[in-house]
Novice: 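Got a structure for you, questions after.
Here the structure is a predicted model, which is why all the values come from computation and not from measurement.
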Amino acid sequence: MPKPSASGDSMRKDASRKSPHRSTVATLLSIEAGIVLALGLWLVFFSITHENEELAPLLGEICFAAIGALGLFVAGRGYARGKNYGRSPAILANLIALGVAYYQIQGRFYIGAVIILVLAIPTLFLAFSIAKSEG
């Protein structure tokens with residue numbers, strides 16, 4: 001009876017260790033990326049329709065939104081493909097989102113805080129559970 005190769009055996013172990021929540025996290029990260037991109041596009045529209053805005057900070061916020069959306073999208077693709085390179089950025093981005101939600105609550109912008117919390121809390125929970133189960 002032939003002995004399975006070391007690489008084939010390790011691939012089977014890796015496939016069996018993958019969490020079923022990866023696709024859920026990837027979907028949530030894609031939704032977050034879409035929201036951040038939409039906010040960036042809204043800032044572009046806002047800059048066109050309003051005249052009394054500082055250009056340099058506005059361009060900085062638009063670039064930050066574009067880079068953030070790209071980062072969330074790449075992290076989501078990493079989760080969907082079973083890679084680990086999306087784990088830390090996804091957790092960091094959602095921890096930052098919790099801080100943003102806290103400040104929105106302090107500013108009494110409850111609807112924005114609820115939207116962020118509805119996305120960030122499940123994403124964090126599932127990302128941490130994936131990290132725990134996969135090592």
Side-chain angles (χ1 to χ4, degrees):
M1 188 160 151
K3 188 174 183 181
S5 68
S7 63
D9 190 36
S10 67
M11 290 183 81
R12 273 187 240 117
K13 284 182 185 176
D14 289 342
S16 67
R17 290 180 55 204
K18 299 296 179 201
S19 174
H21 299 296
R22 281 187 167 273
S23 64
T24 305
V25 172
T27 302
L28 288 171
L29 289 171
S30 296
I31 291 169
E32 290 176 3
I35 290 172
V36 171
L37 184 63
L39 287 172
L41 292 174
W42 180 80
L43 285 173
V44 169
F45 175 76
F46 184 77
S47 68
I48 294 170
T49 59
H50 291 76
E51 294 180 16
N52 297 330
E53 294 299 322
E54 294 290 327
L55 187 61
L58 188 62
L59 287 175
E61 290 174 2
I62 291 169
C63 290
F64 184 71
I67 291 168
L70 179 66
L72 286 168
F73 179 73
V74 169
R77 297 274 302 195
Y79 266 99
R81 292 181 177 171
K83 305 294 184 187
N84 288 330
Y85 63 82
R87 185 182 295 172
S88 293
I91 290 173
L92 179 64
N94 282 287
L95 287 174
I96 292 170
L98 290 179
V100 170
Y102 171 76
Y103 282 110
Q104 287 182 344
I105 290 170
Q106 295 299 316
R108 295 192 173 121
F109 182 54
Y110 299 116
I111 188 74
V114 167
I115 291 169
I116 289 175
L117 291 173
V118 163
L119 287 170
I121 291 173
T123 305
L124 277 171
F125 175 77
L126 293 174
F128 280 127
S129 68
I130 290 169
K132 182 181 176 185
S133 69
E134 293 181 4

Novice: Could you tell me the separation between the CG atom of Leu43 and the CG atom of Leu59, rounded to the nearest 0.5 Å?
Specialist: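 It is 10.0 Å, given to the nearest 0.5 Å.
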
Novice: Might you point out which heavy atoms bring Ala120 and Asn94 nearest each other, and give the distance in Å?
Specialist: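 Scanning both residues completely, I find the closest heavy atoms to be CA-OD1, 3.4 Å.
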
Novice: Could you state the interatomic distance from CG (Leu119) to CG (Leu124), rounded to the nearest 0.5 Å?
Specialist: 11.0 Å

Novice: Return the CD1 to CD1 distance between Ile111 and Ile116, rounded to the nearest 0.5 Å.
Specialist: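 Rounded to the nearest 0.5 Å, the CD1-CD1 separation comes to 11.0 Å.
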
Novice: Is there a path of hydrophobic side-chain contacts, each under 4.5 Å between heavy atoms of I, L, V, M, F, W or Y residues, that connects Ile48 with Leu58?
Specialist: yes

Novice: Rounded to the nearest 0.5 Å, what separation is found between the CG atom of Leu92 and the CD1 atom of Ile96?
Specialist: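 CD1 of Ile96 is found 4.0 Å from CG of Leu92.
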
Novice: Could you check whether any side-chain N or O of Arg22 sits under 3.5 Å from a backbone N or O of Lys83, counting only pairs where one atom can act as donor and the other as acceptor?
Specialist: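 Side chain of Arg22 to backbone of Lys83, a donor-acceptor pair under 3.5 Å: yes, one is there.
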
Novice: Rounded to the nearest 0.5 Å, how far does CZ of Arg77 lie from CG of Leu29?
Specialist: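 If we round to the nearest 0.5 Å, Leu29:CG and Arg77:CZ are 13.0 Å apart.
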
Novice: How would you list all residue pairs meeting ring pair (Phe, Tyr, Trp, His ring centres under 6.0 Å) that involve residues 42-61, not counting sequence neighbours?
Specialist: Trp42-Phe46, Phe46-His50

Novice: What is the distance from atom CG of Leu28 to atom CZ of Phe125, rounded to the nearest 0.5 Å?
Specialist: 12.5 Å

Novice: Indicate the atoms forming the closest heavy-atom contact of Ile130 with Tyr79, along with that distance.
Specialist: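 Result for this residue pair: CD1-CE2, 3.8 Å.
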
Novice: How about CD on Glu54, more than 12 heavy atoms from neighbouring residues, nucleotides or ligands closer than 6.0 Å, or not?
Specialist: no

Novice: Is there a continuous path of hydrophobic side-chain contacts, each under 4.5 Å between heavy atoms, that joins Val36 to Leu41?
Specialist: no

Novice: Side-chain heavy atoms under 4.5 angstrom apart, residues restricted to Ile, Leu, Val, Met, Phe, Trp, Tyr: same cluster for Ile91 and Leu98?
Specialist: yes

Novice: Would a hydrophobic clustering, with Ile, Leu, Val, Met, Phe, Trp and Tyr connected at side-chain separations under 4.5 Å, put Ile62 with Leu72?
Specialist: no

Novice: Do other residues, nucleotides or ligands put more than 12 heavy atoms under 6.0 Å from Tyr103 OH?
Specialist: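 Not buried by this count: 12 neighbours or fewer within 6.0 Å.
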
Novice: Would Leu95 end up clustered with Val74 when hydrophobic side chains under 4.5 Å apart are linked, directly or stepwise?
Specialist: no

Novice: Check Ala33 against Phe73 and note the closest heavy-atom contact, atom names and distance.
Specialist: CB-N, 3.8 Å

